[in-house]
2 protein chains.
Amino acid sequence: MATATAAQRRRRAREEFDAFLAACPSRQLLDRLADKWVALILTALAEGEQRYSEIARTIAGVSQKMLTQTLRNLERDGILIRSITPAVPVRVSYRLTPLGESLLPVVRAIKQWAEQNMGAVQDARRRYDTRH
Amino acid sequence: MATATAAQRRRRAREEFDAFLAACPSRQLLDRLADKWVALILTALAEGEQRYSEIARTIAGVSQKMLTQTLRNLERDGILIRSITPAVPVRVSYRLTPLGESLLPVVRAIKQWAEQNMGAVQDARRRYDTRH
DNA sequence: CCGTATCCTCCTCGATACTG
DNA sequence: CAGTATCGAGGAGGATACGG
C-alpha cells in the first residue's frame, strides 16, 4: 500500500535527520547554551572562581537540583572545574577552564545582539499581533 | 512558623527571578536560537529566498507542524518575511529581513566555536565518563 | 554546606488526519 | 502546495524530603 510506504519513508528520513542533529556540533553547543542556567553560570564564573553557595546566591532563581545538575554537565563537558576542599563543612568551588573561557566571547556576542536588537524584535511582535 | 516563611521567601525569590528572565533580552534570544529548527532555517535562508517546500526538503527531518510554527514565530519576530503569490496552487516564499541577516554572524560564531571545540568537549566527556 | 532521590506538572514536539 | 486541528508521549525542571 502506497500510503504506508510513504509514511515509512518519512519516518526513516526523520530518524536519519535526528541522528544527524544528534551528531551536529552546532546543535550540541546550542542545546548546552540554551539550558536555562548555563549562560548565567558562565557569566557568574567569568569574574573568577566561585563557591557553590555564591553561585546559588547570585542566580537567585535556580533550584539546588538544577544548579547541581547544570554544574555537573558543564564539568563533564570540560567547561569548568570543580574542586573540593575537605573541611567541615566541605568547601566546593567552581572555575572556568580555558575551554570554558573561550566560550565567553560567544556568550557575549549573543548578549550584544540581544541588547541591540531585541527591542526591534519586540516592536515587530507588537506590529504582528495588532495585524493578526 | 519559620520553615513556612522560608519556603515562601524562596518561592517569591524564584517568581521574581522568573520575571527577570522573561524580560531578559539575552534569554529571549537564546530561547529563539535554541528552537530545534531555527538555526537550520536561518542557514537555509542565508542563501536567499526559499519556498516553503524547498525549506522542507532541505531540512528533511522537520514536521509540517513545526516548520510552519517556527516560520510563523520568526515572521512575528521580524526575522523573516513571508510573501504569498496568489496562484493555483499558491506559492509562499520566505526571505530574511535585514534584522534576520544581522543575526547570521551570531549563528556563524556559534557554529565556528562548535566546529573548533566540540571535539575537545567530546574528549572531556569520555574522560569524565571513564572516571565516574 | 553541598549535595541526592522522588515525585509531579507543564509544555514541547511528533503523529495523524483534514482543508482551501 | 501550504497549511490547520487535535491528540498523546516524553522530557525538562521545580517541590520536597533526606544524607554525608
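In this text, all values refer to a predicted model and were calculated from it rather than measured experimentally. Below, all heavy atoms of this structure are taken into account, side chains as well, without hydrogens, waters or symmetry copies. Order of the sequence lines sets the chain letters (A, B, ...), proteins ahead of strands, with each chain counted from 1.
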Nearest-nucleotide check on DNA chain C, Ser53(A) vs Asp18(A); residue mapping nearer the 5' end is Ser53(A)
Hey, are Arg14(B) and Asp18(B) close enough for a salt bridge, meaning a charged N less than 4.0 Å from a carboxylate O? no
- Query: How about Tyr94(A) and Ile41(A): do any of their side-chain heavy atoms sit closer than 4.5 Å?
  - Reply: no
When rounded to whole Å, the CD to P distance for the pair Glu54(B) and dC1(D) reads 11 Å
Per the under-4.0 Å heavy-atom filter, residues of residues 31-39 of chain A near DNA chain D come out as Lys36(A), Trp37(A)
Point to revise | Heavy atoms from other residues, nucleotides or ligands near CZ of Arg11(A) exceed 12 (cutoff 6.0 Å) | key: no
request  = For Arg11(B), answer base if it contacts any base atom (sugar-phosphate contacts may also be present), sugar-phosphate if it contacts only those atoms, and nothing otherwise; contact means non-hydrogen atoms under 4.0 Å.
outcome  = nothing
Review point. Is any side-chain heavy atom of Ile110(A) less than 4.5 Å from a side-chain heavy atom of Leu33(A)?
Key: yes
- Query: Under the 3.5 angstrom rule, does the side chain of Arg125(B) hit a backbone N or O of Gly78(A) as a donor-acceptor pair?
  - Reply: no
Note: contacts of residues 60-75 of chain A with DNA chain D (heavy atom, under 4.0 Å) are Ser63(A), Lys65(A), Met66(A)
Q.
Is there a side-chain contact between Arg126(B) and Gln122(B) in this structure, where contact means two heavy atoms from C-beta onward sitting under 4.5 Å apart?
A. yes
Residue set satisfying side-chain contact (heavy atoms from CB on, under 4.5 Å) with Arg127(A), at least two apart, ordered chain then number -> Asp123(A), Ala124(A), Arg131(A)
Contact span of DNA chain C against chain A, any nucleotide atom under 4.0 Å from a heavy atom, 5' to 3', runs dC1(C) to dA15(C)
The single option from Glu54(A), Glu49(A), Glu75(A), Glu47(A) that satisfies salt bridge (Lys or Arg N to Asp or Glu O under 4.0 Å) with Arg95(A) is Glu49(A)
Just wondering, are more than 12 heavy atoms of other shown residues or ligands nearer than 6.0 Å to CZ in Arg82(A)?
yes
With sequence neighbours left out, the residues meeting side chain to side chain donor-acceptor pair (under 3.5 Å) with Trp113(A) are Ser102(B)
Students often get this wrong, so: under 4.0 angstrom with heavy atoms, is Arg51(A) touching a base, only sugar-phosphate, or nothing?
sugar-phosphate
Tyr94(B) atom OH is separated from dC1(D) atom C1', nearest whole Å, by 11 Å
Item to check | Close side-chain approach of Asp77(B) and Leu99(B), heavy atoms under 4.5 Å | outcome: no
Per-helix bend value, the helix from dC1(C)-dG20(D) to dG20(C)-dC1(D), C1' rotation axes over five pairs per end, 10° rounding, shows 50°
Q. Can you tell me if CZ on Arg91(B) sees more than 12 non-hydrogen neighbours from other groups inside 6.0 Å?
A. no
### Message
With heavy-atom distances below 4.5 Å as the criterion, would you say the side chains of Leu103(B) and Leu29(B) are in contact?
### Response
yes
